[in-house]
Amino acid sequence: MRIKKGEKGDISLITAITFAIFITALIALVINFPIEQSFFTRRSQARDQVLYATQVGIKTVLTTARYYLKDQLTRRKLTDIDENFLSSLLSKNNTNFINTINYIYTNTSQVDPNTVYSILDYSFSLANYTAITRGGTTDEVSYTYVYTITCLGQKVNFNPTITLQVTVTGKIEGVLRKENFARFALFTDRHLMSDGSRVWFTDRTKFYGPVHTNGQFAFAYTPQFFDEVSSVATTAYFYNGGNPRQLAADSNPPRDIPYFAKGFTRGAPAINLPTVAYTQLYAALSYFPNDNFPTYSPTYSVIRNYLGLPPGNTAPPNGIYTITIANGGGIYIQGDASIEFGKDSLGRSVYTITQGSSTYVFTVDVENNKTYVKIGNQIIEINKAPNGVIYVNGNVTSIKGMVQKDQRITVVAKSNITITNHLTYEDDPRNNPDAVNVLGLLAETGNIIIDPKDSSGNVLGDPNIHAVLMAPNGVVQVANYSTRPPAGDVHLLGGIISKNYGAFGTFSTDRNGNPIPTSGYGRDFWYDYRMRSGYAPPYFPTTGRTIQEGNPQTQRWISIDSWREIWK
């Protein structure tokens with residue numbers, strides 16, 4: 001067939017017009033196809049709902065396991081949480097755990113009227129258990145469970161039915177620690193002075209660790225708290241420019257605005273202080289396997305027996321006893337004494353303990369597990385190092401010096417302890433978080449008194465104290481705080497735990513309401529962050545509670561390693 005001239009252009013025009021009509025019709029068809037478009041939208045929404053339902057199922061198992069662990073572990077002492085117990089806790093043989101999951105499932109499986117989930121299978125296996133022992137007792141337990149969970153989500157009113165099966169694997173990790181009172185930067189049973197008068201946190205107040213009271217706090221101006229703060233009371237006092245007011249609030253703007261970096265919890269549970277220190281007394285007297293100390297205070301007869309004295313019911317003669325080191329214990333002192341810490345030319349730790357005209361110089365050779373005691377011109381060699389507890393059945397009239405880098409020490413006085421100069425660590429944990437040296441001072445029935453003076457007997461400005469200070473039946477307080485001249489701040493690295501709150505100084509206000517120091521010291525408290533991870537002076541009192549934390553690196557309890565979906 002021959003195409004005449006001009007016909008080719010006509011055909012191209014016809015083709016173009018035909019294609020345009022087709023495209024226009026197709027667009028109209030797509031635009032005017034609402035039923036099918038709605039189907040795709042509804043199916044996408046249904047898939048989202050099914051995925052959500054499946055996630056609810058997986059969360060049901062994981063959160064139940066996590067909180068079941070939390071509930072069960074806090075009911076036991078840390079020493080009773082062994083590998084066998086943890087292995088059985090999330091086992092399918094544990095009917096309490098299984099029933100808990102079933103109960104939660106029954107109340108959550110119907111996500112909405114037409115979307116449900118089913119738990120097809122789950123398993124938890126203890127993959128790691130580690131117990132850390134300090135001072136002869138378990139101080140920390142870490143654990144890791146690996147889990148596999150399979151859940152099925154369904155959209156039952158959709159045709160065809162939409163189903164999703166998800167299998168997820170991962171870990172539950174945790175760390176358990178005995179809560180030690182050393183964990184607190186500040187702890188008071190009553191936030192009052194011994195005479196019942198109120199003590200204020202002021203502009204001179206800074207805390208870098210946890211702060212708690214079983215009573216009620218009082219704030220003036222802008223004290224600063226860089227860690228968690230809690231009180232049993234649901235209200236707090238605010239200075240309000242000299243006209244105090246009590247509020248169920250965290251601040252009293254514009255005059256009193258404390259800074260809480262990690263919040264202020266009012267209405268927190270009470271934590272009871274210990275009333276006696278017989279555990280520390282037994283630890284000083286002798287070694288007890290697994291630290292299984294008697295649960296009662298020893299009589300004088302028992303104490304005399306450990307000291308190698310003739311039987312009797314009277315107090316031992318005043319003296320500094322060294323037989324206790326040979327017994328596997330620490331150092332026992334009957335009567336008042338002063339203590340100074342230091343080190344010798346070989347870098348070994350030295351304790352100089354003086355009672356009356358007697359001075360005992362203890363040189364502790366940690367590396368060779370030996371102790372040398374110099375008494376006058378005599379030197380006694382003991383083939384053991386002390387366990388770190390120094391118990392004074394009386395007053396520590398003076399304590400000062402430098403705690404050598406290898407030493408962990410708790411000094412306990414039956415009555416008062418007086419800090420008379422700088423008391424520091426050789427290895428500062430602010431510069432070395434792995435520092436070993438640590439010091440705890442515990443005044444069992446009395447007070448810890450801060451009365452630092454220089455070699456001339458004058459008030460020492462800006463004293464440094466590196467220790468955890470505890471007076472469970474008294475206060476930690478500056479001597480003559482209201483009459484001694486202002487002398488800077490007490491720079492404390494550690495914490496204070498006491499029955500009542502002790503005053504450090506006084507202040508007045510200028511015409512603009514700003515605080516002006518009038519006597520004593522301000523507070524510059526630095527938290528020893530080793531205490532948060534369970535580190536503490538040896539045999540320092542514990543709260544009786546178990547602390548639970550997640551993975552130390554990530555701070556997460558639960559991690560997901562894999563997630564596999566099968567859609568049908």
Thr115/Val156 under side-chain contact (heavy atoms from CB on, under 4.5 Å): CA gap, chis, key distance, verdict: CA-CA 6 Å; Thr115 312; Val156 295; over 6 Å; no
side-chain contact (heavy atoms from CB on, under 4.5 Å) evaluation trace for Tyr321 with Leu309: CA-CA 11 Å; Tyr321 292 85; Leu309 298 173; 3.9 Å; yes
Full working for salt bridge (Lys or Arg N to Asp or Glu O under 4.0 Å) between Lys262 and Glu228: CA-CA 5 Å; Lys262 295 189 177 180; Glu228 59 193 42; over 6 Å; no
Candidate pair Ile417 and Ile399, rule side-chain contact (heavy atoms from CB on, under 4.5 Å), full reasoning: CA-CA 7 Å; Ile417 298 175; Ile399 188 167; 3.9 Å; yes
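Remark: of the listed residues Phe362, Tyr351, Tyr425, Tyr351 is the sole one forming a ring pair (Phe, Tyr, Trp, His ring centres under 6.0 Å) with Phe341. When Leu439, Val438, Val366 are each tested for a side chain to side chain contact (heavy atoms under 4.5 Å, CB included) with Gln407, only one passes: Val366. Considering Asn128, Asp561, Thr144 in turn, Asp561 is the only one that fulfils the side-chain hydrogen bond (donor to acceptor under 3.5 Å, both in side chains) rule with Lys171.
No side-chain donor-acceptor contact under 3.5 Å links Tyr67 and Gln72. Remark: the Asp427 side chain and the Asn432 side chain contain an N/O donor-acceptor pair separated by less than 3.5 Å. The closest side-chain donor-acceptor pair between Lys155 and Gln49 falls under 3.5 angstrom. Checking Lys370 against Asn383 by side-chain atom types alone, a donor-acceptor pair falls below 3.5 Å. Side chains of Asn368 and Asp365: a donor-acceptor N/O pair is present below 3.5 angstrom, by distance only. Looking at Gln216 and Thr235, their side chains do bring a donor and an acceptor atom within 3.5 Å of each other. Side chain to side chain, Thr188 and Thr213 meet the donor-acceptor criterion of an N or O pair below 3.5 Å. Between the side chains of Asn327 and Tyr287, no donor-acceptor pair is found at a separation under 3.5 Å. Between the side chains of His212 and Asn214, at least one donor N or O sits under 3.5 Å from an acceptor N or O.
When ring centroids are compared, Tyr282 and Tyr539 stay outside the 6.0 Å threshold. For Tyr259 and Phe225, the gap between ring centers reaches or exceeds 6.0 Å. In this structure, Tyr117 has its ring center under 6.0 Å from that of Tyr105. Ring centroids of Tyr147 and Tyr145 are separated by 6.0 Å or more, keeping the two rings apart. Taking the six-membered ring where the residue is Trp, the centroids of Phe201 and Phe207 are separated by under 6.0 Å. Aromatic ring centres of Tyr143 and Tyr129: separated by at least 6.0 Å.
With respect to the salt-bridge test (charged N to carboxylate O, under 4.0 angstrom), the residues Arg530 and Asp434 do not qualify. Using a 4.0 Å cut-off between a side-chain N of Lys or Arg and a carboxylate O of Asp or Glu, Lys92 and Asp121 qualify as a salt bridge. No salt bridge links Asp524 with Lys206; every basic N to acidic carboxylate O contact stays at or beyond 4.0 Å. Residues Asp250 and Arg266 are paired through a salt bridge, judged by an N-O separation under 4.0 Å between the basic side chain and the carboxylate. Salt-bridge annotation for Glu426 and Lys405: absent, with no side-chain N of the basic residue lying under 4.0 Å from a carboxylate O of the acidic one.
Using cut-offs of 30° and 60° for the angle between ring planes, the Phe219 and Phe264 rings count as perpendicular.
The minimum heavy-atom distance linking Tyr527 with Pro210 is given by the pair CZ-CD, 3.6 Å. Nearest heavy atom pair, residue Val389 against residue Gln280, reads CG1-O, 3.5 Å. Between Gly267 and Thr234, the shortest heavy-atom distance links the atoms CA-CG2, 3.9 Å. Minimum interatomic distance between Ala337 and Ile353 (heavy atoms only, all atoms of both residues): CB-CG2, 4.2 Å.
A donor-acceptor pair is defined here as one N or O able to donate and one able to accept, closer than 3.5 Å; such a pair exists between the side chain of Asn387 and the backbone of Ala283. Here the side chain of Asn93 pairs no donor or acceptor atom with the backbone of Ser88 at under 3.5 angstrom. Remark: the backbone N or O of Arg545 is not paired with any side-chain donor or acceptor of Glu179 at under 3.5 angstrom. When atom types are taken as modelled, the side chain of Asn500 and the backbone of Val475 share no donor-acceptor pair closer than 3.5 angstrom.
Taking 4.5 Å as the limit, every side-chain heavy atom of Thr363 sits out of range of all side-chain heavy atoms of Val373. Side chains of Tyr68 and Ile101 form no contact here, defined as non-hydrogen atoms less than 4.5 Å apart.
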